[in-house]
Each structure stands twice: as structure tokens, then as C-alpha cells.
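Read the structure below first, then the notes.
Numbers for residues simply follow the sequence, beginning at 1.
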Amino acid sequence: MLAAATTSRLSIRVARQAVKVAGQRHPAVSAVRRRDIRGIQSVAQTERDTITRLLYSIGTKREVERHLRIFSSASHPSSPAKFAVIKVGGAVLDELDELALSLSFLYRVGLYPVVLHGAGPQLNDILEREGVVPDYIDGIRVTDAKTLQIARRVFHEENLKLVGALEKLGTRARPITSGVFTADYLDKEKYGLVGKITKVDKRPLEASIRAGALPILTSLAESPDGQILNVNADIAAGELAKELEPMKIVFLNDKGGMFHGITGEKLDVINLDEDFDNLMKEPWVKFGTKLKLREFKELLDYLPRSSSVAVISASSLQKELFTDSGAGTLIRRGYKLFKHDNIEAIGADRFRQVVHDRDPEVLTGLQSITGVLNDLQKTPYTIYGDEPLDVIAVVSHPEGETPVMTKLLASRNGVLNNVTDNVFNSIKKDHRKLFWTTHAEDENRAWHFERADGSFTRAGRSLFWYGVQDVAEVERIVKDFEAKGRIERSFLPVGPSAPPHRASSAAAAAPAGAKAYSTLARRVPGSRRGYATSATDGPVSNEIKRVALIGARGYTGQALTTLLSGHPHIDLTHVSSRQLAGYPLTSYTKHSIDYTNLSHADVEQLEKSGEVDAWIMALPNGVCKPYVDAVDRGSAERKGEKSVIVDLSADYRFEKGWTYGLPELYGRESVRASKRISNPGCYATSAQMLVAPLIKHVGGLPTVFGLSGYSGAGTLPATDPDGRPTTVPKVTPESLKHGVKPYSLTDHIHEREAGFHLSELLSSPLKIAFVPAVTPWFSGIISTASIPLNGKLTAREVITLFEEKYKDDKLVRIIKEVPQLPAIENKHTWTVGGFQVHSEGNRVVIVGGLDNLVKGAATQCMQNLNLALGYDEYTGIPIEEQKH
């Protein structure tokens, strides 16, 4: 399970205070030991409770406690290393403090992962300084005696650094640099001193954990005759996991996950049983990605189904482990789902055992297994589940009547691996309406709230439903249920019409969402947001400010440099692109400037010395964080006012401490006061602006269908006929055969983004459904929104709501007709029109459009940059005369 890096950093910063206190606990414990051993236990328990409460900042209380309980029960004194294997990439070791804090957090709540680290980048640096040229064959480092000598030294030094950083935080850690891995030569003549692991001795690891210390390993192995052999750390982690069979195998890297090769979006979940074959056929899955997926599949095929792999960043470790939404990429074997219309298809004895072990009515003695089976025969039914029966659901569906889910029985593994969501999604495909009940004290009650359109609680039980928006219809259905004995308790009269998850109390309890299907996202507490819809009068600056652009190769970077060239007060002083370093930037006309390739150290130094007033990060998703961290480090030592960052990726759009920069909806003053601004996504901008004027009139799930030009799919590096690096689109009109290709049909990142931020206007959670498609035109997004209403409106009333909402916004055009591509492409505005209301007055359809590279990216960035630097919001943006 895998989240937002800054939220995790919040937890870590708060935890730093706790671990600082904990780091000073030894003298106190020593004193207590002389008096009463129970005092030590009390201090430890208090500390554990404190850290557990800190985890509530990244997830709901029930969510955190459920995962903590599951992980804590995974290990036993006889097998104490069953929780997790964490493989730390060499690049992550450069973020030593953050890594140590993340691991220390786990230690504080009583969890002991086995930590194995690499040191590839550090080894390469030293080899280069000592004149040794690294040699690779088939991606394997050829290791001679000198290389191995240096490798041993580097591995030991990095190991001790990590152990030392943990010990400083009061976290006991034990360096283990030998005695775990036995290996034979992989191919001595070809690779030299490189080993293939033949045996793993887990005793040193278990001894460390029993002694209360985290085991910190290197990937060096020994041959049977004592020769040290080099082993790839990823392979060593896999062999270690096969021996220990932990619940989680975590690969920490600096990217924070695995990413789609065309869209650039992070892959949230990979279910290998269902996705592997199709993934391996994808044209973007090649080389290292293909090898990594094969390694993960081979590993998970060997391990129990309860095991899963996570690829995340160190800062996201807590969010990954203790929330349903997770942080990076979760890889699991997945589960083949079934549905049958009789219990014999799955085995009556197996079904009885599930009911016996999990049914709360049976466990409390309110119902017998025989009673459950008898009730099952009263109506036609379907049993949904997965092959291991980690989740079983029973849906009663008499012909012509509304279906009722009478049982939803999940095991620990079913909850942990989100099988419950997969089964529920299968039910939703078959049934447009569904009712079900739970105990009011069900520990997973928040899960039910999120998946229901409405609910209420009476006499200790909660009734949930989806697919019905009218309260009168709900009451009619419930009355019919009671008359036919299909629900066991009286729920009439029907309770409040507003779904509880739209009330503030339930919003606080709602979880961050399940990874596979949920589009509801929790509000991050404390995020800076505003609600003004017009610009604020006040002094406007004309001071010249220096701006650096990181990631200038892509189409958005090109659009930005063109806008910056026309800005009267901004001086573009640095423009960074790894591929174009050394070439002149021709689209900037104020003065000559060449592309450079700024390293993280360069960025830190420029920030520290005060040479940059604002940074624009125009990088793909998942790449920005090291640059932001470098700016943060430089800011800590900078004299005077710190710089502004505007990030165009999705990396910080849900983060505390970052302002979401959509001025037309969430206000100008919050952006003016901010130093960290996340630029909204292109699709998400149009979707939010379509729904926002009607936010108080929404009566169901708004659906937005978006058509985008192929430039929105991103770019690839290429070379022009003159040998100069250039950019080509990832998706071309030819590859689309001049048609339209829908993609990411559920759970697109902009679906979550739009719902997350629109919820602020409603002060309660709101979901939207979003379906994107890529088209053969170059740029421009046309979005069609279908919005159910909670009361009748006319088209004229809808138009009036839009005119009132956007009356002061210079970059909004309201027209009568449906916006066409010529009105959108290369324009700096968002255009809305085609207002139509269904004949029954309960549904409105509206069309909005913007250029994904301009108002959807570069122009919006310029608005945010202007506000944050003290300029007029529209400085440097060509403004057309608007017709409202």
C-alpha cells in the first residue's frame, strides 16, 4: 500500500520530537531498572502509543490500528523476521536522515524490518576517483579483486553510517556484513567475483531482532571456502524474502514507484495474476522495467499470497504501510475472482468454514450456520469471491427487486491486499443498485461510508446503499424489504437524506481511499486554501525577479519559455535539460541563454546563494522531489527571503504545506502568501471549473469525459537531422490511426485530484467520475460534464450560476454554443458553453475546453508565479477581450 511524500514528512517531523525524547531515554531507563522493571514497560508502552497517535495524521485511526495489528501479529518469537524486508537503494542512502527517521518510526511502534542496502552510486564515485572504470556485462558489474576490495570498504562504511544514524535517534541497530549469504560463483570467467546465492542463514537476523535491534545487512556473500563475493542487492533482497517469507518486501528508491512509460503516471497497483501478461506486451515495458516485473513475479510466485512488493520512496514508508491508499507502486499476485449461483460451486464445506470463522452474527451467537444456509435458499443469490476465499460476498437478487448484499466476509489477507475492493467492484458491475447493513461498531465502517451514496444508523445497525439518489425511493425500497423480511431490523422511517460521508463528522472518519477503486481522497489537515473568486486589490510589484526552469525539454517547458520571454519583470536566468545541455534556448528572446544540466547540488547552491527568486519544476510525475529537497536545503541556509517553487507535476497536489494553485476557484491570497505552489493538472482544471459553480446543486456522481490532444501524453527525446537533441510525442496520430483512444478508464490521477479539491468548496467529500481519451489533434482538451442535480434548474439558471462564479476572471470565456477546438487550441483561456438541461430538469450537461499546454499548464503556472512574486496575476499573459 502506497502516498504523499510531504504528508509522510509531516509525520516524520512530528516524530522527530518523539524520537529525540526516545533517544535520551537510556539513563532514565537505567534508573528505573533499579526500582521497578514494570516502569520500563510503562515507558515503552507510552512511547509506542504516542507514535501510534502520530500515525493518525496520515490515515484514519481504524485504518492505522488495523494495519498495525496485522503487521504486529505477523511475527512470532519463533519467527521474528516475518514483518518486512526493506531493500534500500544506494541513491536513498544519500537521504540518510530521512531514511533513518522512517525506519526509527517503525521501531517505535514495535515493528522490526530486516534492512538490506546497496551502495552502487557510492561505489561508482570511489572507483572513478581511484581510476577504476566500472565494467558491466548483461547489466552485472564485473568484479575483480580491486573492485571487490573497494566494494567491501564502501559497503561497510555505508552500513555503519546507517547504523550510526539510527543509534543517534535511540533506535537500536546491529550491523550485519557477513554470515547471512552463502554463494557460488555466478560465472567466474565472465563476471569475476560475483556470486549466486545458494543459502540464506536467517539466524543472525532473528538474533538481532530478539535482542531488540534492527538488523542492517549488506549484500556481500561468501563462498563455501570463505571467498567474499559481490551480489546485486535487489537479487539478495529477493533471496532473503524467499527465506523469511515476510508480509511486505519494500524496495526504497528515489523515484517513489514504477511509472507508465507513455503517460508518465505512477502505477498504483499491479495485480500480477491479471495484469502480468498484458503488461509484458505493452511497447513501453522493456529493458529494466521488463526485467524488474519478471523478478517481482518470480519472487511473489514463490511466496505466500499474503506477501506483496512495494516500490516507494523512504519518505513514504509510513503512508505505504499504515494506510489503504498507500504511496508508490504495490505489486501483488492478485486474485482470480469468481461468481457462482450456488455454494456447491465453491464447496459447501469451504463456505461453511468461512461463515464459521468470520460471520459476526455467528461469532456472537445471534445466528447459526444452519440459519445462514437456510436464509440463503429463500431468494436467488450470487456468491462473489476470490479463489483462496479471502473475501466472500453474498448478494440476494429476486427478479424485479432491489438486490441486497447479505454477507461480506473478509479475512485479514483480504483486507490487507484490498481484495474486498476487487470483489465489491465486481458486484457493482452486475448491480446498478445495492443495499446492505453492518453493525454500527464495525471496525471497517469507514470503508462502507466511502462506497455508499447514502446511509443512516438506527438501533446499533447502519444501512448503506448506492445507486439510489431519491429519499422517497429509498423509503419505498426499505418498506418493501421489511414487508418481505429481506432485512432484519426496522429502518423506517428513513433517516437523513444527506449521505453521512458528506457530513463533517463522517468526513473526518473517512479513509484515504482504497488503492484500486476509490476516487475519494481525504483532505490533508492544515493545507493552505482560500475561497475568494476575484483578484484582491493591493500594491503590485514591478521588481525584476530571477527564475530558473527545471525540465525545459517537453512541450510544457517550451510553452513556458515563450511566455517568460514576454514577461516584463521576469528574467529567465537558468534553464535546465539533461538532453539539451550546451545548446542555446531559441524560444527566449530577451537575451541569449544556453541550456544547462543542473544537478541537485547545483540547485542547492543557487538557492543558498540567493541567485534564484523562483523555481519552475516542469518535470514528469515522480521526478521532482530531489530538486525540491535541494531547494529546501539551500533555503535553510539562505539569507533573506526564500524562493518560490511552482511544481507542474502531480507530486505535491495533495500535500500539506503546498498551496493548490487554481486562483479562479480557491483564491488568490493563499497563492500570494505561499512559497510552495502545486500547479493543477490540465484535465483536473477543466473538470473542477465545470462542477464548481454547481457544487451546492450536485445530487449524484458527476461524470466528466475528456478528449485531449496527443501532446498531453508527453514526449520522448530524439535527434533532428542536424544531430541536435529534440522532442517527439510519445503518442502520434499515426499510432492512433487518426481515431480516439480512451485510457485509464477508472482511477485516473486527475479524477482523484478534482474530487479532492472540490470537496473543499463543499466542506465535505465529493467524488467525480472521469474518463479520458487521447485524440489525433496536437493540443487542446474538450471536457463534457454530466452532472445530476439535487433539484430542478433551467439552462438559464445554470448559465447565471456560471456567470456569477466567473464574473471577475479574465481567463474564463462563457459562450452559448458548444466549444470547438479552434476556440481552445493555443488560447490562454478556459471556455465553457453548450449548457443543456435534461427535460426532467434533474441533470445538466456542460462542455468546457482549454489548451492542455497553455491554460492547462504554462498559463496557469504564470498566474501562480505572478501572484507569488507580487505581480498582477495576468502580467505577461496575452488577454483577449472576453464576451460573457
Side-chain angles (χ1 to χ4, degrees), residues 264 543-621 623-631 634-635 642-649 651 675-679 711 714-720 722-729 853-854 856-866 868-869 871 875-877:
E543 181 183 353
I544 300 297
K545 296 293 178 70
R546 299 153 301 176
V547 170
L549 172 61
I550 309 292
R553 177 182 62 81
Y555 293 133
T556 299
Q558 295 169 21
L560 272 167
T561 55
T562 301
L563 268 180
L564 291 168
S565 186
H567 198 290
H569 311 311
I570 285 179
D571 183 15
L572 183 61
T573 57
H574 299 84
V575 56
S576 178
S577 169
R578 180 166 52 86
Q579 288 84 6
L580 294 170
Y583 288 91
L585 173 62
T586 56
S587 58
Y588 189 73
T589 58
K590 285 187 177 182
H591 56 76
S592 61
I593 181 172
D594 292 340
Y595 289 97
T596 58
N597 182 18
L598 294 177
S599 67
H600 303 155
D602 295 332
V603 171
E604 180 177 349
Q605 182 56 41
L606 288 169
E607 175 67 14
K608 179 180 177 181
S609 60
E611 295 182 45
V612 174
D613 299 303
W615 300 86
I616 301 174
M617 304 294 179
L619 295 162
N621 294 342
V623 179
C624 184
K625 183 180 182 301
Y627 292 97
V628 172
D629 290 347
V631 174
S635 294
K642 295 175 174 51
S643 68
V644 169
I645 299 178
V646 181
D647 174 34
L648 277 76
S649 78
D651 292 4
K675 295 293 186 183
R676 299 291 182 265
I677 302 159
S678 59
N679 219 57
S711 61
T715 63
L716 295 170
T719 305
D720 67 17
D722 297 325
R724 175 188 169 113
T726 188
T727 290
V728 296
L853 301 178
V854 190
T859 302
Q860 196 139 257
C861 173
M862 188 63 74
Q863 289 177 263
N864 289 320
L865 196 63
N866 280 333
L869 293 178
Y871 304 133
T875 302
I877 301 173

Polar side-chain atom of Ser587 near backbone of Thr561 as donor-acceptor pair, under 3.5 Å: no

Arg676 side-chain N/O to Asp647 backbone N/O, donor-acceptor pair under 3.5 Å: no

Nearest atoms (heavy-atom pairs only) where Cys861 meets Val646: SG-CG1, 3.8 Å

side-chain contact (heavy atoms from CB on, under 4.5 Å) involving Ala559 - partner list, sequence neighbours excluded: Ala858

Tyr871 side chain to His569 backbone, donor-acceptor under 3.5 Å: yes

With Ser609 via side-chain contact (heavy atoms from CB on, under 4.5 Å) - residues at least two apart: Gln605, Glu611

Counterpart residues, salt bridge (charged side-chain N to carboxylate O under 4.0 Å, His left out), relative to Arg578 (two or more places apart): none

Between CD on residue Gln860 and CD1 on residue Ile877, distance to nearest 0.5 Å: 9.5 Å

Over all atoms of both residues, closest heavy-atom pair of Asn679 and Ala857: ND2-O, 3.1 Å

Under 3.5 Å: donor-acceptor pair, side chain of Tyr588, backbone of Asp594: no

Set of residues satisfying side-chain contact (heavy atoms from CB on, under 4.5 Å) with respect to Lys642, sequence neighbours excluded: Glu607, Ser635

Side chains of Leu564 and Met862 in contact at under 4.5 Å (non-hydrogen atoms): yes

Spacing of OG belonging to Ser576 relative to CD1 belonging to Ile550, to within rounding of 0.5 Å: 4.5 Å

Beyond-backbone contact of Leu572 with His567, side-chain heavy atoms, under 4.5 angstrom: no

4.5 Å side-chain heavy-atom contact, Tyr555 and Pro729: yes

With sequence neighbours excluded, residues passing side-chain contact (heavy atoms from CB on, under 4.5 Å) with Val612: Ala548, His574, Leu606, Trp615

Ile677 to Ala868 - nearest heavy-atom pair and separation: CD1-CB, 3.5 Å

Short side-chain to backbone donor-acceptor contact, Lys625 and Asp651, under 3.5 Å: no

Flag side-chain contact, heavy atom, 4.5 Å: Asp571 against His591: yes

Side-chain touch Ile645/Met617, heavy atoms, less than 4.5 angstrom: yes

Distance-minimising heavy-atom pair for Gly876 and Leu563: O-CD2, 3.5 Å

Thr859 OG1 to Asn864 CG distance, which is reported to the nearest 0.5 Å: 11.0 Å

Shortest non-hydrogen separation from Asn621 to Gly264 and the atoms involved: CB-O, 3.7 Å

All pairs passing salt bridge (Lys or Arg N to Asp or Glu O under 4.0 Å) where residues 596-605 contributes a residue, at least two apart: Glu604-Arg633

Nearest atoms (heavy-atom pairs only) where Leu585 meets Tyr595: CD1-OH, 3.1 Å

Flag side-chain contact, heavy atom, 4.5 Å: Asp629 against His600: no

Asp613 and Arg546 ion-paired at < 4.0 Å: yes

Spacing of Leu549 atom CG and Leu560 atom CG [to the nearest 0.5 Å]: 6.0 Å

